[in-house]
Amino acid sequence: MGYRMRIQQSCAAILTALVCLASAAAPTVDPRRWPAGAAGPRPDSKVEARVETLLRQMSLEEKVGQIIQVDIGAVTPEDLRRYPLGSVLAGGDSGVDGDERAPAADWQSLARAFRAVSVEKRPGHVPVPVIFGIDAVHGHNNIVGATLYPHNIGLGAANDSELVRRIGAATAEEVAATGIDWTFAPTLAVPQDRRWGRTYEGFSEDPAIVRRLGQAAVLGLQGAPGAPRVIQSGHVAATAKHFIGDGATLEGEDEGNSLASEEQLIGTHLPGYLGAFDAGVLTVMASFSSWQGTKMHANQALLTDVLKGRMGFDGFVIGDWNGHSQIPGCTRDHCPKALIAGVDMLMAPLGWQSLFDRTIADVRTGALPMARLDDAVRRILRVKIRLGLFDADRPFEQELARIGSPSHRALAREAVAKSLVLLKNDGVLPIRAGARVLVTGPFADDVGLQSGGWTISWQGNHNTKADFPHSQSVLAGLKEVLSAGGGAVIADTEDVEVQRPDVAIVVFGESPYAEMFGDLKLSLYDARAPLTRLREFRRRGIPVVSVFLSGRPLWVNPELNASNAFVAAWWPGTEAGGIADVLVGDATGKPRRDFSGRLPFRWPLRLSDPPYFNAIEDAALPVGFGLSYATPGPVATYEERLGR
Ligand code: BGC
Ligand code: BGC
């Protein structure tokens, strides 16, 4: 080996060691750079007095119970007699007695059973109602029959804060109807890299949009803030998640490391939280991700000094699913570090009995200071009081009929129509109401596929028609609208040459995925079958409209170029009739409803466009781009920019 090469190698080794050292040391932050008092104060002396009274009566075991949240798959209501836990959750793959498809009434009974045991009068027990949380992230999506709305990326395209508020309120009604108190939403991520499999959970790459819509979502879910019992019946607690920088990880890796500067955290990733704080959000979830090499669950500077200290957040910080176990030195069942850093409640779905015992032991030895435990419990009690959990029966729970109600479904349909972004149209749209339309493609008649991840199950896969009793596929919506206008849908099984449809609509896209399984190495769309169909229709002289359902912008130039019109429809949820409302015009072919959606993320047009949004330059379609019937855009020049 040459001298020069050896020097180069040892330099590289030293450099790696330095980088490692730098990332092992906890990154420093300067709380004075963060907005003072952004999250408060909202103290109410009556609430505080009640908190102190309860705290004084509680035993060490009861206090430790409050700070542990367990999944319903691993705990029964009866367990709460022995272990006075503060919270239960239904994770993405959890259901009533293991049944994800249990009827809504069973969810309600389960929630009531947990609550009943927690507030039971027993000797030596201070009744504190359990708080039940679930991921209602695009409607009450774990429940069969619930109304599902477009995922946040679609709402970012609609960019209508009043619409987002109404969706939040409607979702809260359905959650409250099942007796559940709290949703782990909204996600306020500002995704930076479209390879991230949770891009669709974010509203936009534009922090200003995330702030406005995040505020509206919390306002809808929780209702307008008011003291002392801020949350009215029919509303639920919201969660601002995942604090902070979840969308900034290197290469879009889920739960990865973010190298954002403190300035970027404040400028790009904080604004969504400021919106949520303005709406009085009750809880914040810590992010799985790391910031500059330190797990957010261990970041005392950001969770305690900044969030609670400088910004004055007085609700509680919930950990993410076993997130504490990822801290070096911690395990699922032992992690004083996360609590000391500022996590107030550990999401400890499984193996929690030993976590309970070991945390009690930590307080006894002083490994976890009593003052920190008391502070965490105070915050949890404060939220429970504000939420009205201590008040007698919450009347809204009688309202199971709200689940999938006609007004919620109409709202979802409106949201779908508003979320559509028109990327190309040579005049084929709108379709005349009396037209004969061939509708095809793998996503045309499948409500499961069109609903994306976090739908009945965690990843949203393996769903069938029976799972969506109140719903409309893209095909069903087109049938409804076309037959009302004197037109017809032609089945794909019929001979195209004989039938000669006026237009073909091909519905295709990304199959559902959620965290961990949705990350991409390359950011291309690579299901090629639809392309063959698109080209075949073109060859036969049949104009073709592509409806693309996805959780992110992807490079689809071959499909764009093979289509006469191309619509980005994201993952719309259960009411795809909103697509027909915009695509199909009146009898004379005039629009009935125009496109109003605009890109919430840059859309790549060059194969070489980097997956980092802010690295895409002139060839991309920018945030805010979207054609409409009123402003059709110069198709010819536009097409030249596309490349192959
Ligand atoms: C996700 C959270 C979610 C939680 C509970 C975690 O894996 O990151 O967003 O709220 O699970 O299902
Ligand atoms: C749960 C999800 C959770 C995930 C995290 C799944 O089994 O259902 O809610 O987010 O695990 O690993």
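Sequence positions, counted from 1, serve as the residue numbers for this chain. First listed ligand is number 1; within each ligand, the first listed atom is number 1.
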Participant: Return yes if a side-chain donor-acceptor contact under 3.5 Å exists between Trp571 and Ser451, otherwise no.
Facilitator: no

Participant: Please list, in number order, the atoms of ligand 1 under 4.0 Å from a heavy atom of His242.
Facilitator: 2 (C), 8 (O), 9 (O)

Participant: With no hydrogens and no angle check, just 3.5 Å: does a side-chain donor-acceptor pair link Thr178 and His140?
Facilitator: yes

Participant: Could you please spell out the steps behind the side-chain contact (heavy atoms from CB on, under 4.5 Å) verdict for Val70 and Leu85?
Facilitator: CA-CA 8 Å; Val70 178; Leu85 302 174; 3.5 Å; yes

Participant: Would you mind running through ligand 1 and noting each atom that sits below 4.0 Å from a heavy atom of Phe288?
Facilitator: 6 (C), 7 (O), 8 (O)

Participant: Taking only heavy atoms of Asp320, which atoms of ligand 1 are found under 4.0 Å from at least one of them?
Facilitator: 1 (C), 2 (C), 3 (C), 4 (C), 6 (C), 7 (O), 8 (O), 11 (O)

Participant: Could you establish whether Met285 and ligand 1 come within less than 4.0 Å of each other, counting only heavy atoms on the residue side?
Facilitator: yes

Participant: Give the atom numbers and elements of ligand 1 that come within less than 4.0 Å of a heavy atom of Lys241.
Facilitator: 2 (C), 3 (C), 9 (O), 10 (O)

Participant: Mark up the atoms of ligand 1 that fall under 4.0 Å of a heavy atom belonging to Trp321, in ascending order.
Facilitator: 6 (C), 7 (O), 11 (O)

Participant: Filter on salt bridge (Lys or Arg N to Asp or Glu O under 4.0 Å), then keep only pairs touching residues 275-303, sequence neighbours left out; what's left?
Facilitator: Arg211-Asp278

Participant: Nearest heavy atom to atom 7 (O) of ligand 1: which of Met516, Met347, Glu515 does it belong to?
Facilitator: Glu515

Participant: Under a 3.5 Å cutoff, is there a donor and acceptor pairing between the side chains of Asn299 and Thr294?
Facilitator: no

Participant: Are Trp454 and Gln459 linked by a side-chain donor-acceptor pair shorter than 3.5 Å?
Facilitator: no

Participant: Can you list the steps and then say if Lys337 with His324 is a side-chain contact (heavy atoms from CB on, under 4.5 Å)?
Facilitator: CA-CA 8 Å; Lys337 272 189 194 166; His324 55 278; over 6 Å; no

Participant: Where on Arg198 is there a heavy atom closer than 4.0 Å to ligand 1, on the side chain, on the backbone, on both, or on neither?
Facilitator: side chain

Participant: At a 4.0 Å threshold, what atoms of ligand 1 neighbour a non-hydrogen atom of Asp135?
Facilitator: 3 (C), 5 (C), 10 (O), 12 (O)

Participant: Applying a 4.0 Å heavy-atom criterion (strictly less than), which segment of Trp458 is in contact with ligand 1: side chain, backbone, both, or neither?
Facilitator: neither

Participant: With a cut-off of 4.0 Å, which atoms of ligand 1 are near a heavy atom of Phe184?
Facilitator: 10 (O)

Participant: May I have all residue pairs that pass side-chain hydrogen bond (donor to acceptor under 3.5 Å, both in side chains) and include part of residues 80-92, sequence neighbours excluded?
Facilitator: Gln69-Ser87, Arg81-Glu120

